[in-house]
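Below is one structure; the comments refer to it alone.
Just so we're clear, the structure is a prediction, and the values are computed from it rather than from any experiment.
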Amino acid sequence: MDFSHSVRSQGYQDRLNAFMDEQVYPAESVAETQRAAAGSEATAILKELKKVARRQELWNLFLPGDEWGAGLTNVEYAPLAEIMGRSIELAPEATNCSAPDTGNMEVLVDFGTEEQKQRWLVPLLNGEIRSCFAMTEPAVASSDPRNLEASAVRNGNEYVINGTKWWTTGAMSSDCKIAIFMGVTNPDAPPKGRYSMILVPMDTPGVRVERDLSVFGFHERGGHGEVSFNDVRVPTANVIANEGDGYMIAQARLGPGRIHHCMRVIGMAERAFDLMVARAKERTAFGGRIADQGLVQDWIAEARWRLEQARLLVLRTAWLLDTVGNRAARREISAIKVVAPRTALWVIDHAIQVFGGAGVAQDVPLARMYAMARTLRIADGPDEVHNMVIARREIG
């Protein structure tokens, strides 16, 4: 097996690393200062980073087709997502490669009509607007999509939409202009045919952003909105693909998206690892460097092999997506979704321990990293569901 990167991917890695060193890392402290005033909106420094990234053609790198994006395969893009994950709050959005926009753009590329692409995909690709994905519901266990209750009832040439969604990432920001809503269009159909995905402009009457949900007390750029839909009317032309295709589209959307999430969280964990090693080398306790303590050396060694194992599994899964497709790689997709966040949490937790009190304070990013990584054990399906998928495949 060839473990080397393609010439094209390596070229992007070199350019992206230079962008990180010269632009992103120096901007982090500025962004932190500006974030308090900006709230859910983009900070001035983030807007500037977007301009630089676009000039340097580090833009829309996630799309595999060369019509809309850079034309990279999943294997080629995976290491780029890892690099971006090292500055998770700036780099992905600065390069127009941040969730949920990436998944929503992929849906429009693969399933959108020409009219839908021109109205919504092109502005998203240009970074002129942002989007959100309205699927999870507060009243039911949304890990089982059969529980979804929000409805889209056809009435002539319109859908009438009702329901409440939450964890609609990005909905709090004024630049979020479009939601992909997943709701029940035929409750009597078999489970996988009950749902449809429908484009709902955020300024449609009846759409109301109720509140922002924090993550361990942290509020993120764009927020995580709880959004109510009360007799919202949109044209039937806003349905994506066909009525009843919502489940199928969701499965197609989540394959590459999970690769992106997992590689970004590995990049975040690598940043935590670097912080842990530097801290252990510079601090002394009980007559010597923390790095000379056998227990800490065990942590550093274990963090390294855990990260290498997780990365190899994600890259193999990316290769399978490129060669045999999402369906054939379903077991591996579920596996990385469990392994990568758990690996990151282990590394970040031990980095916090090495930092001591500073590790849980705001002067270093570890507490925020931990919150983000812990969320990934729930987002895009909880660990238990992914383990169920793996076990069922093995049992046959």
Side-chain angles (χ1 to χ4, degrees), residues 19-56 58-60 83-105 123-134 165-179 201-203 207-227 260-261 264-265 267-268 271 360-376 379:
F19 175 68
M20 298 289 288
D21 291 338
E22 296 166 10
Q23 304 290 337
V24 176
Y25 297 136
E28 288 178 335
S29 59
V30 179
E32 185 66 29
T33 301
Q34 294 178 352
R35 190 177 291 120
S40 296
E41 306 301 329
T43 59
I45 193 68
L46 177 56
K47 293 177 182 178
E48 183 59 32
L49 287 173
K50 289 183 176 184
K51 294 177 183 178
V52 176
R54 194 158 191 187
R55 285 198 301 269
Q56 295 185 6
L58 296 171
W59 192 258
N60 294 332
I83 294 168
M84 295 174 200
R86 293 181 65 88
S87 185
I88 195 72
E89 294 182 280
L90 286 181
E93 187 175 351
T95 54
N96 213 39
C97 294
S98 59
D101 292 329
T102 49
N104 292 343
M105 285 189 270
L124 283 167
L125 288 168
N126 290 336
E128 298 165 3
I129 64 172
R130 295 205 70 195
S131 61
C132 61
F133 187 70
K165 301 288 187 176
W166 69 347
W167 297 110
T168 46
T169 300
M172 305 303 299
S173 174
S174 62
D175 55 13
C176 180
K177 302 300 184 183
I178 187 68
M202 292 297 286
D203 60 359
V207 178
R208 179 182 172 124
V209 180
E210 303 288 350
R211 61 174 178 145
D212 185 21
L213 301 166
S214 66
V215 178
F216 287 91
F218 294 109
H219 291 269
E220 300 177 17
R221 149 77 172 135
H224 302 285
E226 181 173 333
V227 184
H260 304 169
H261 273 315
R264 282 193 296 260
V265 82
M268 187 166 63
R271 182 87 180 270
V360 295
Q362 69 269 35
D363 293 341
V364 291
L366 295 172
R368 191 181 290 268
M369 287 180 177
Y370 190 93
M372 291 180 177
R374 183 62 183 85
T375 304
L376 279 181

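Side-chain contact between Glu128 and Lys177: absent, with no pair of heavy atoms (C-beta onward) separated by less than 4.5 Å. In this structure, the side chains of Trp166 and Val227 stay at 4.5 Å or more apart for every pair of heavy atoms. Ile178 is not listed as a side-chain neighbour of Met202, based on a closest heavy-atom distance of 4.5 Å or more. Side-chain contact check for Gln56 versus Val52: some heavy-atom pair is nearer than 4.5 Å. With a 4.5 Å cut-off on side-chain heavy atoms, Pro92 and Arg264 count as touching. Between Val215 and Trp167, the closest side-chain pair of non-hydrogen atoms falls below 4.5 Å. Side-chain contact check for Phe133 versus Lys165: every heavy-atom pair is 4.5 Å or farther apart.
Annotation for Phe218 and Ala367: closest pair CE1-O, 3.7 Å, computed over non-hydrogen atoms. Nearest heavy atom pair, residue Cys176 against residue Gly170, reads CB-O, 3.3 Å. When all heavy atoms of Ala91 and Met20 are compared, the closest pair comes out as CB-SD, 3.6 Å. The shortest heavy-atom contact between Ala94 and Ala53 is O-CB, 3.3 Å.
In this model, a donor atom of one side chain and an acceptor atom of the other lie less than 3.5 Å apart for Ser173 and Arg221.
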Checklist entry - Hey, mind stepping through His219 and Ser214 against side chain to side chain donor-acceptor pair (under 3.5 Å) and telling me if it holds? => result CA-CA 5 Å; His219 291 269; Ser214 66; 4.5 Å; no
Checklist entry - Run the side chain to side chain donor-acceptor pair (under 3.5 Å) check on Arg54 and Asn96 step by step: do they pass? => result CA-CA 9 Å; Arg54 194 158 191 187; Asn96 213 39; over 6 Å; no
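The residues Glu48 and Lys50 are annotated as not salt-bridged, no charged nitrogen and carboxylate oxygen being separated by less than 4.0 angstrom. A salt bridge is defined here as a Lys NZ or Arg NE, NH1 or NH2 lying under 4.0 Å from an Asp or Glu carboxylate O, and Glu220 with Arg368 fails to meet this definition.
Separating the CG atom in Leu124 from the CZ atom in Arg130 is a distance of 9.0 Å, to the nearest 0.5 Å. Annotation: the span from Thr95 atom OG1 to Met84 atom CE amounts to 3.5 Å, rounded to 0.5 Å. A distance of 8.5 Å separates CG in Leu213 from CE in Met172, rounded to the nearest 0.5 Å.
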Scan the side chains in residues 23-34 for donor-acceptor partners under 3.5 Å anywhere in the protein, sequence neighbours excluded, and list what turns up.
| residue | atom | partner | partner atom | Å |
| --- | --- | --- | --- | --- |
| Tyr25 | OH | Arg86 | NE | 3.2 |
| Glu28 | OE1 | Arg271 | NH2 | 2.8 |
| Glu28 | OE2 | Ser87 | OG | 2.7 |
| Glu28 | OE2 | Arg271 | NH1 | 3.0 |
| Glu32 | OE1 | Arg35 | NH1 | 2.4 |
| Thr33 | OG1 | Ser29 | O | 3.1 |
| Gln34 | OE1 | Ala44 | N | 3.2 |
| Gln34 | OE1 | Ile45 | N | 3.0 |

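Checking side-chain atoms of Asp101 against main-chain N and O of Ser131 turns up a donor-acceptor pair under 3.5 Å. When atom types are taken as modelled, the side chain of Trp59 and the backbone of Cys97 share no donor-acceptor pair closer than 3.5 angstrom. Using a distance-only test at 3.5 Å, with no hydrogens or angles considered, a donor-acceptor pair links the side chain of Glu41 to the main chain of Ser174.
Exactly one residue among Asp212, Thr169, Thr168 makes a side chain to side chain donor-acceptor pair (under 3.5 Å) with His224. That residue is Thr169.
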